[in-house]
Amino acid sequence: MGAKELKAAILTEAVQGKLVPQIASEGNARDLLEEIRKAKGGESLPLAPARNRSSATPSAGSTAARNARFSPIAEDEIPFEIPENWCWCRLGELVYNNGQKTPDKEFSYIDIGSIDNEHQKLNNNENLIQPENAPSRARKIVKKGDIIYSTVRPYLHNMCIIDKDFAKEPIASTGFAVMVCYPQLLNKYLFYYLLSPIFDSYANDTENAKGVAYPAINDDRLYKGIVPLPPLAEQHRIVRALEQFMPLVEEYGKKESELTALNKDIAKKLKNAILQEAVQGKLLPQNPTDESASVLLERIRAEQAKNSRQIGAYKKYAEICLDEQPFDLPENWLWVHLGDICDYGKCTNVEAGDLKADDWILDLEDIEKDSGKIIAFKNYGGNKAKSTKHRFKKGDVLYSKLRPYLNKVVIAPKDGFYTSEILPLDFNGILTSEFAQIVLMSSYFLEMVNSVTYGVKMTWLGSDDAKKMPVPVPPLEEQKRIVLFVKQMNQFLETARF
């Protein structure tokens, strides 16, 4: 169980009356609700003693009903059972607010962003604003001890208890509901309930959170939400227990984050090690029946020469000197220069005006670093394209030549166009696209290209240097076996916990 799940579980146990034992001598929460109603000017009416049912609501038309303005709580609204000495109440029965004002002097503005929504604390720095510069939403009066709760759905956990004194009068955004608790309700108990997944579920319900861009729960529905009310002494005991647990959960969360980061680091190092073993021919055993790399190269070169009607004119691939070779290869592998097996730097230009509206244009930001994955497919053709693009075809290896992004290497899943920072590489059947991607993302290749990049702000790999890069060529069948094994290992590492 992760820290978030553990925190949610503890809060749920607390508000269901399962975190601390009930003590009969602490009285009944129904008496607290009666005291609150009297304080609000309502009539004192008998409350239903039935377990797990709503507190009785005054009949329509009575003085208490006019003050409460809340309907009875129906059975199907009650999400769980509560202890016998607890009772269900509407949130609006338990709280009130301080009203609103237009700022008339310098004030401390509390906006949604003023709250750390991971820890539900106010930022240390105050946002002091002169009245003439006051935002239109700066209206709600807040005081120490009040709960402020963001009603906008994406920010429901932007909530806190006002727990400090301010240099200037604090005024909160109208994006908050401000809740002042009656003495019979401990503000920290209500705060923890509002933070619980149970109230979250209510506030996030599509019937309650209305709107498109920023769905929000309005005041009417917010204050109709129901709250399980324990006796006051038990509220204190619940809060004390939670305040003992929560620091431990937070510490557990820190350790969990550290472990997650460590897992990612280990997984990344293992992936890099696997790629390096793959390009060195150490990942899998060689099969002596595979067609060797030298035979493969000669066969493909002959086919290329035949197709170009230059049968007698083709040359062998340039041999790589021993001192150029980064490491030893198996006997049936071969070192070649990158420029001998692909047209590095060769591009087909397409003018922006010739692009269709639904043409796919790949940008560097659409490629995830280190993963070999495309994270976005965007149509930028037609009038959206601002400059000349280059064409690539399905199956091409798309390689970033800029140093900060050298490990952005993907295989084109379909035909498209790309910006100038990306190059399409076709390995002419000598390397499969998948094995070529492994080579280009391996640590030995990255180290070599990083040593010969040019430029200051955005360094790049020059074509002449790129063409000289030594590339290992295994037998074709072995390439396929290596690619399959690497895929299986990567899938395992993406889900493994160490």
Side-chain angles (χ1 to χ4, degrees), residues 1 5-40 42 44-58 64 68 70-95 120 147 149 159 161 179-203 205 222-249:
M1 181 182 290
E5 292 79 12
L6 179 59
K7 182 177 181 179
I10 293 173
L11 288 173
T12 299
E13 291 285 290
V15 300
Q16 288 182 339
K18 298 177 181 178
L19 191 63
V20 299
Q22 281 72 52
I23 300 175
S25 61
E26 290 178 347
N28 196 300
R30 295 178 182 84
D31 297 330
L32 299 184
L33 186 57
E34 273 296 279
E35 292 175 15
I36 292 173
R37 286 178 174 167
K38 288 179 181 179
K40 295 174 75 171
S44 177
L45 295 175
L47 301 177
R51 181 180 178 180
N52 304 325
R53 293 184 179 273
S54 161
S55 56
T57 303
F70 293 107
S71 59
I73 299 173
E75 284 286 344
D76 60 4
E77 291 183 81
I78 298 174
F80 51 83
E81 292 187 352
I82 55 176
E84 289 187 9
N85 60 343
W86 291 34
C87 70
W88 285 105
C89 321
R90 300 267 183 210
L91 176 60
E93 294 181 281
L94 302 174
V95 298
Q120 287 70 50
I147 298 172
Y149 179 90
M159 56 179 288
I161 295 175
M179 303 179 199
V180 186
C181 296
Y182 285 93
Q184 294 80 3
L185 174 65
L186 191 61
N187 61 355
K188 288 186 177 179
Y189 170 78
L190 179 59
F191 167 81
Y192 283 123
Y193 178 68
L194 297 175
L195 191 60
S196 74
I198 294 163
F199 194 80
D200 264 1
S201 177
Y202 171 79
D205 187 277
L222 176 67
Y223 291 116
K224 281 182 179 177
I226 60 175
V227 179
L229 181 66
L232 187 56
E234 188 171 348
Q235 293 178 40
H236 282 278
R237 289 192 291 113
I238 289 171
V239 167
R240 282 197 297 271
L242 287 173
E243 290 184 340
Q244 289 176 338
F245 280 124
M246 289 308 163
L248 299 176
V249 174

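Note that the structure is predicted; figures quoted are calculated from it, not measured.
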- Task: Indicate whether the side chain of E77 and that of W88 have a donor and an acceptor atom separated by less than 3.5 Å.
- Result: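 Per modelled atom types, E77 and W88 side chains form no pair under 3.5 Å.
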- Residue F245 excluded, over 12 heavy atoms near CZ under 6.0 Å: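 Open: at most 12 neighbouring heavy atoms sit under 6.0 Å from CZ of F245.
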Does [X] reach the side chain of [Y], with side-chain heavy atoms less than 4.5 Å apart?
| X | Y | answer |
| --- | --- | --- |
| L194 | M179 | yes |
| Q235 | L32 | yes |
| E93 | L229 | no |
| Y182 | K40 | yes |
| W86 | E81 | no |
| N187 | V180 | no |
| K188 | L242 | no |

- Within residues 7-19 or reaching into it, pairs that qualify as salt bridge (charged side-chain N to carboxylate O under 4.0 Å, His left out) - sequence neighbours excluded: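 As it turns out, there is no salt bridge (charged side-chain N to carboxylate O under 4.0 Å, His left out) pair with a partner in residues 7-19 once direct neighbours are skipped.
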- Message: Would you compute the distance between atom CD1 of I10 and atom CG of L248 and round it to the nearest 0.5 angstrom?
- Response: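 With rounding to 0.5 Å, CD1 (I10) is 8.0 Å from CG (L248).
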- Taking all atoms of both residues into account, what is the closest heavy-atom pair of I147 and F191, and its distance?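 Minimum heavy-atom separation between I147 and F191: CD1-N, 3.8 Å.
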- Test side-chain contact (heavy atoms from CB on, under 4.5 Å) applied to T12 and F80, step by step: CA-CA 10 Å; T12 299; F80 51 83; over 6 Å; no
